[in-house]
Amino acid sequence: MIELAGILVLGIFAQWMAWKIKLPAILPLILIGLVIGPLSTFFTPDGEKLLDGDIIFNPELLFPFVSISVAVILFEGGLTLKLKEIRTLASTVRNILTIGVIVTLVGGFLAAYFIVGLDFRISFLFAALIIVSGPTVITPILRNVKPNQKINTVLKWEGILIDPLGALIAVLAYEFVRSSRPQEEYTLVALKGFFLTISTGVFIGIISAFLLYYLLGKNRLPSYLRNVVTLAIVIMGFAFSEFLMRESGLMTATVMGIILANLRIPEIKHILSFKEDINIILISVLFIILSSRINIEQINQLGVQSIILFLILILIIRPLSVYLSTINSNLNFREKLFISWIGPKGIVAAAVASLFSIELLNGEAGAGISASESADASMLLPLVFLMIIGTVIVQGGSAKFVAKWLKVERQTPNGILFVGANEAARFLANYLQNQQVPVILVDTSHSNITDARNLGLTAYEGSILKENVTEEMDYSSTGRLVALTSSSEINMLACKIFQEEFGEENIFRLISRRENELKDLEKPKNLMFDGTVDYYNLLQTIRKKPQVKEIKFSSEADFEEFMDKNRKRVIPIFIKSNDYYEIYSGFNSDYSKGETLVYIDDRTELLEEDTL
């Protein structure tokens, strides 16, 4: 009991630490697992591990738990894959999953065989294990680096789709190690098993996805059961697929996620949020347990050859696989170079390597290998964990720097998405559009949308809270959200929904009347117009046909003097700097020299000179 509680606490601590250092959580999780596992034998009185995954979970329970956990992780990853993202990059992703996999398999085999000196069958198994990447490592890197859309799409789709594919190839390689004999025609059997497994996984995935789609539609389930029923059906689909064909379950979970992500299900965002929370717990527990299982003797087997193997993997094999996969693609050289640099290994490599290590050394499979092969098999687990730790540290740690150097970071769009197309929203949007700032308005009112379109504004009719509306919109030119409806609840919900998309500092809303009345309440920083103007005050001002004016100050003191003198007479709306319009809010209520204040003035005479 204490061990499980300790793992959970340490896992959440590692997640927090990863957030602070802006690296995938897999790194601190593995390091913690190693410290309380094999490395702890140096300072415990009896030389035993502080924590051993094999003691907490025996192998018969550990690996079913690991497999189900990985299936849930891949299902959550599949929920993020929108087919519309990949229309222009489908061939590139396909090539990485075929040509790239073959290059990695061959290159990894040759490197392990000639550099480390592993037996050819163990080398083949190692090469199969390092094919995979995974959302547990790719997603945090993409979230931190924010590369351009093409790079983001390729790496995200590769990271999620290659996990079930890589796990299947690894199982086939394992079967080759266990049963390969000169007289056996293994290749034909392997190919038959490969296609049968994929077909089973896809078929069960489709059935399970549409079963869940049926249950989630038309209120067939109460809201409090939808998340847990979704989890149950994912696990059921995984287990049934595994029952029919071993190692097809991960494909089932991934296919389920992709299908549901591309069907119009209103609850999909809530399901995704629920799965993200579960995944944090699962990942935290899994990596600590798996890394704690490594023995210090296995770590001591690693030498200079292992480091050389790692360098060959990241400097030769990965770039070569990406180059051959992206010939004639619409990626430029800098984008190809960045994708070549990002190829970290994740949970599937760790889980499958742990399973094979046990079976080859202790299970019945060990009877089919020689003594030298058994010694090489003992290196599988530490060698794979070296690849995982190394790629996360080197590639994950340098990803942001490399992206800046190659200039492939996503350019922050300067457009604004308005929630609401009422008079106030149309007034501000029209002003911004005249300043060449892209704007989009969303409203449920047909008359408001019509009036907005009559002004030449891009407007969508529907609720911003419904996924089908956001799917229809192309808001790639917008990087900020302004919630301007009369409902404070809708404004807050819209900000919450788009917080992950745009970032906390890029979502803004009006102050509610209640917040305005409570003078002692600490106001959120994302309140527009200095947090003093609510919807009805703004609307009354707009209906007076006010002017929008600009004023530049020579110092911050002049700015403060102007605001103190005219605070009740004007509404500050934007801070303009180099033709970029920042929303005036608690994030930027201070003035910097050279900036221009844009404000609403409903009087006929000027408040001050245009420049102070």
Side-chain angles (χ1 to χ4, degrees), residues 414-441 443 447-448 450-459 478 480-486 508-511 516 527-612:
N414 67 336
I416 297 177
L417 173 61
F418 283 86
V419 181
N422 48 58
E423 290 177 75
R426 295 197 301 270
F427 178 86
L428 296 176
N430 193 46
Y431 170 79
L432 287 170
Q433 183 159 279
N434 290 336
Q435 312 306 314
Q436 310 305 312
V437 178
V439 293
I440 297 175
L441 295 87
D443 202 310
S447 60
N448 283 347
T450 301
D451 292 340
R453 289 172 178 169
N454 289 338
L455 290 173
L457 302 170
T458 302
T478 64
R480 294 167 289 171
L481 177 134
V482 169
L484 281 177
T485 73
S486 58
F508 307 91
R509 65 175 175 87
L510 287 170
I511 190 171
N516 213 359
L527 294 180
M528 301 173 62
F529 315 138
D530 205 21
T532 58
V533 182
D534 61 24
Y535 176 78
Y536 297 101
N537 292 332
L538 178 63
L539 205 59
Q540 287 174 0
T541 302
I542 297 299
R543 285 173 176 171
K544 296 177 183 178
K545 308 294 183 185
Q547 298 179 26
V548 177
K549 296 179 180 177
E550 299 182 1
I551 185 169
K552 185 178 288 188
F553 303 94
S554 57
S555 68
E556 186 175 354
D558 290 336
F559 168 77
E560 291 176 354
E561 180 185 351
F562 174 84
M563 291 302 299
D564 290 340
K565 183 177 180 181
N566 302 297
R567 194 175 299 276
K568 295 183 178 180
R569 302 177 181 179
V570 303
I571 300 177
I573 51 176
F574 305 115
I575 295 285
K576 185 173 77 169
S577 177
N578 298 325
D579 295 326
Y580 183 79
Y581 288 79
E582 293 187 62
I583 310 295
Y584 190 89
S585 68
F587 287 118
N588 59 358
S589 55
D590 296 330
Y591 177 81
S592 299
K593 190 174 181 179
E595 293 179 333
T596 300
L597 175 67
V598 181
Y599 62 92
I600 293 176
D601 176 13
D602 63 341
R603 295 171 297 159
T604 54
E605 69 276 8
L606 289 173
L607 286 168
E608 300 283 346
E609 294 296 326
D610 280 348
T611 303
L612 294 180

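Only heavy atoms go into these numbers, but all of them, side chains included; no hydrogens, no water, no symmetry mates.
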Contact check, side chains of [X] and [Y], non-hydrogen atoms, under 4.5 Å:
{"X": "Tyr599", "Y": "Ile571", "answer": "no"}
{"X": "Asp534", "Y": "Leu510", "answer": "no"}
{"X": "Phe508", "Y": "Ile416", "answer": "no"}
{"X": "Ile573", "Y": "Met528", "answer": "no"}
{"X": "Phe418", "Y": "Leu432", "answer": "yes"}
{"X": "Arg426", "Y": "Glu423", "answer": "yes"}
{"X": "Val482", "Y": "Leu417", "answer": "no"}
{"X": "Arg509", "Y": "Leu527", "answer": "yes"}

task = Quickly, which of Val548, Leu484, Ile583 forms a side-chain contact (heavy atoms from CB on, under 4.5 Å) with Leu428? Name it, please.
result = Leu484
Heavy-atom pair with the smallest gap, counting every atom of [X] and [Y]:
{"X": "Ala425", "Y": "Gly420", "result": "CB-O, 3.2 Å"}
{"X": "Thr541", "Y": "Asn537", "result": "OG1-O, 2.9 Å"}
{"X": "Leu597", "Y": "Pro572", "result": "CD1-CB, 3.9 Å"}

request  = Mind checking side-chain contact (heavy atoms from CB on, under 4.5 Å) for Asn454 and listing every partner two or more places apart, or none if nothing turns up?
outcome  = Thr450, Asp451
remark   = Only one of Glu595, Glu582, Glu550 passes side-chain hydrogen bond (donor to acceptor under 3.5 Å, both in side chains) with Lys576, and that residue is Glu550
message = Tell me if the OH atom of Tyr536 is crowded by more than 12 foreign heavy atoms within 6.0 Å.
response = no
ask   = For Glu561, does the CD atom have more than 12 heavy-atom neighbours from other residues, nucleotides or ligands under 6.0 Å away?
value = no
query = Can you list the steps and then say if Leu441 with Thr458 is a side chain to side chain contact (heavy atoms under 4.5 Å, CB included)?
reply = CA-CA 6 Å; Leu441 295 87; Thr458 302; over 6 Å; no
remark   = CZ (Arg453) and CG (Asn448) are apart, to the nearest 0.5 Å, by 11.5 Å
